[in-house]
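A short worksheet on the structure shown next.
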Amino acid sequence: MREALGGKIYTGKDYVRLSKDENAAKRLFIEKMAAAVDGENLIYVTTEKEQLALVPIGAVRILVTADIDTIKERFAARMRGNLPAPVAAMLERKHGCFDAEAHDVHVHGGSPKAQEVCELVKGLKR
């Protein structure tokens with residue numbers, strides 16, 4: 001996506017690198033995202049619902065989802081084939097927590113493909 005859309009990618013709390021003070025870093029990040037709504041792209045990936053509050057009005061939002069069994073398989077693969085029961089329970093608890101959030105594009109189970117998503121985002125970019 002980065003190659004097709006350009007811009008910097010931030011995930012989770014990567015923005016804390018913008019300043020030694022976390023609150024200052026958060027303010028700088030919010031400013032960067034607001035500027036990106038009508039300027040250069042910025043891609044922000046989060047798996048924490050509370051971080052959605054950082055995303056400004058007018059930003060293009062992409063919801064990426066998968067079936068719980070697929071998510072568990074992927075986590076198990078990362079953990080050398082063993083998915084501990086507490087991790088499985090956490091995944092089940094968090095599964096679907098973003099489903100009701102407003103979004104412009106929904107990717108489920110890898111469809112639409114990344115290139116199609118990029119074209120959709122280019123069409124939505126204000």
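Only heavy atoms go into these numbers, but all of them, side chains included; no hydrogens, no water, no symmetry mates.
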d(K32 NZ, R27 CZ) to nearest 0.5 Å is 15.0 Å
Show me the donor-acceptor pairs, under 3.5 Å and distance only, between side chains in residues 51-60 and residues at least two apart or in other chains.
residue	atom	partner	partner atom	Å
Q51	OE1	Y44	OH	3.3
Q51	OE1	T46	OG1	2.4

Per-pair distances, 0.1 Å, donor-acceptor, side chain in residues 66-83, under 3.5 Å, sequence neighbours excluded:
residue	atom	partner	partner atom	Å
D67	OD1	H108	NE2	3.4
K72	NZ	E92	OE2	2.3

Residues passing the salt bridge (charged side-chain N to carboxylate O under 4.0 Å, His left out) test with E116, sequence neighbours excluded, are none
Hydrophobic cluster identity match, L42 and I30, side-chain contacts under 4.5 Å: yes
**Asked** Got more than 12 heavy atoms from elsewhere within 6.0 Å of CD, E48?
**Response** yes
Residue set satisfying ring-ring contact (aromatic ring centres under 6.0 Å, His included) with H95, at least two apart, ordered chain then number -> none
- Check whether I43 and F29 end up in the same hydrophobic cluster, where Ile, Leu, Val, Met, Phe, Trp and Tyr are linked by side-chain heavy atoms less than 4.5 Å apart. no
Here the gap from C118 atom SG to I62 atom CD1, rounded to the nearest 0.5 Å, amounts to 7.5 Å
- Compare all side-chain heavy atoms of T65 with those of V107 and state whether any distance is below 4.5 angstrom. no
Hits for salt bridge (charged side-chain N to carboxylate O under 4.0 Å, His left out) against E101, two or more places apart or cross-chain, chain-then-number order -> K49
Under 3.5 Å, which donor-acceptor pairs do the side chains of residues 5-17 form with other protein atoms, sequence neighbours left out?
residue	atom	partner	partner atom	Å
T11	OG1	D14	OD2	3.0
K13	NZ	E22	OE2	2.8
D14	OD2	T11	N	2.9

Rounded to the nearest 0.5 angstrom, the CD-CD distance for E3 and Q115 is 10.0 Å
message = Quick check: is V117 connected to L124 through a chain of hydrophobic side chains (ILVMFWY, heavy atoms under 4.5 Å apart)?
response = yes
